[in-house]
Amino acid sequence: MKITTLTNPLQTILLTCRYKDKDNIMTLDWHTPLSFNPMLYAVSIGKTRFSLELVKKSKVFVVNFVSKDLEKEVLFCGRHSGRDLDKFKETGLEKEEAETINCPRIKQAIGYLECEVIKEIEVGDHVLFISKVKKAELKRREKRLFHLFEDKFTTTIQ
Ligand SMILES: Cc1cc2nc3c(=O)[nH]c(=O)nc-3n(C[C@H](O)[C@H](O)[C@H](O)COP(=O)(O)O)c2cc1C
């Protein structure tokens with residue numbers, strides 16, 4: 001049995017990252033808050049992901065929270081690699097600059113965390129990045145996106 005059969009639904013986010021002139025977006029279910037003070041947040045990135053190379057080098061990323069309306073774009077970013085194409089261009093998701101780190105954010109996101117990596121831990125086939133949250137903002141309250149399985153999602157009541 002796959003572990004996610006028990007753990008899902010999990011809130012799906014879009015992680016944005018940048019190294020040199022490469023900006024990328026990946027879809028990610030495995031993320032969690034860790035501490036209020038200091039504000040710490042963790043994401044788990046698979047070893048085969050292009051985003052892993054970018055985050056390892058830049059030590060920064062943004063966690064973009066999205067509404068159920070972005071389901072199609074989220075699936076695209078979770079099924080294509082930034083090695084082969086520009087996911088901003090392909091999905092129409094728009095870039096805005098993060099304010100505290102050198103990294104793009106997604107304009108359509110309902111909220112975000114600007115994160116700076118403080119620790120990197122190998123965990124099996126993934127790498128866990130523990131980060132300090134440099135800026136957090138909730139822009140609008142909308143129904144969030146939660147992953148059930150495969151291409152099926154659900155949402156919150158409000
Ligand atoms: C709903 C969903 C959730 C995902 N969650 C994760 C995750 O938590 N960690 C991860 O490494 N990959 C996850 N993926 C897979 C990556 O998003 C996918 O491999 C993507 O193509 C990586 O892009 P990149 O190579 O441009 O970094 C998820 C995919 C989907 C569709």
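The first residue in the sequence is number 1, and the count goes up from there. Counting starts at 1 for both ligands and their atoms, following the listed order.
- By the 4.5 Å heavy-atom criterion applied to side chains, Phe50 and Asp84 are not counted as neighbours.
- Crowding of Lys107 atom NZ: a count of heavy atoms from other residues, nucleotides or ligands under 6.0 Å not exceeding 12.
- Every side chain to side chain donor-acceptor pair (under 3.5 Å) that Glu71 has, sequence neighbours left out, goes to Lys68.
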Show me the donor-acceptor pairs, under 3.5 Å and distance only, between side chains in residues 2-9 and residues at least two apart or in other chains.
residue : atom : partner : partner atom : Å
Thr5    : OG1  : Lys2    : O            : 2.9
Thr7    : OG1  : Ile3    : O            : 3.4
Asn8    : ND2  : His147  : O            : 3.4
Asn8    : ND2  : Leu148  : O            : 3.1

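- Side-chain atoms of Ile25 and Phe88, non-hydrogen and from C-beta on, do get closer than 4.5 Å to each other.
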Output block, N or O contacts of ligand 1, threshold 3.5 Å exclusive:
residue  : atom   : partner : partner atom : Å
ligand 1 : 5 (N)  : Asp29   : N            : 3.0
ligand 1 : 8 (O)  : Asp29   : N            : 3.0
ligand 1 : 8 (O)  : Trp30   : N            : 2.9
ligand 1 : 9 (N)  : Ser44   : O            : 3.1
ligand 1 : 11 (O) : Gly46   : N            : 2.7
ligand 1 : 11 (O) : Arg49   : NE           : 2.9
ligand 1 : 12 (N) : Arg49   : NE           : 3.0
ligand 1 : 12 (N) : Arg49   : NH2          : 3.1
ligand 1 : 14 (N) : Thr27   : O            : 3.3
ligand 1 : 17 (O) : Thr27   : N            : 3.4
ligand 1 : 17 (O) : Thr27   : O            : 2.8
ligand 1 : 19 (O) : Arg49   : NE           : 3.3
ligand 1 : 19 (O) : Arg49   : NH1          : 3.3
ligand 1 : 21 (O) : His80   : O            : 2.9
ligand 1 : 23 (O) : Lys87   : NZ           : 3.1
ligand 1 : 25 (O) : Phe50   : N            : 2.9
ligand 1 : 25 (O) : Ser81   : OG           : 2.7
ligand 1 : 26 (O) : Asn24   : ND2          : 2.9
ligand 1 : 26 (O) : Gly82   : N            : 2.7
ligand 1 : 26 (O) : Lys87   : NZ           : 2.9
ligand 1 : 27 (O) : Phe50   : N            : 3.3
ligand 1 : 27 (O) : Ser51   : N            : 2.8
ligand 1 : 27 (O) : Ser51   : OG           : 2.6

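- Applying the side-chain hydrogen bond (donor to acceptor under 3.5 Å, both in side chains) rule to pairs touching residues 40-59 yields Asn24-Ser51, His31-Tyr41, Lys47-Glu122, Glu53-Arg83, Lys56-Glu120, Lys59-Glu120, sequence neighbours excluded.
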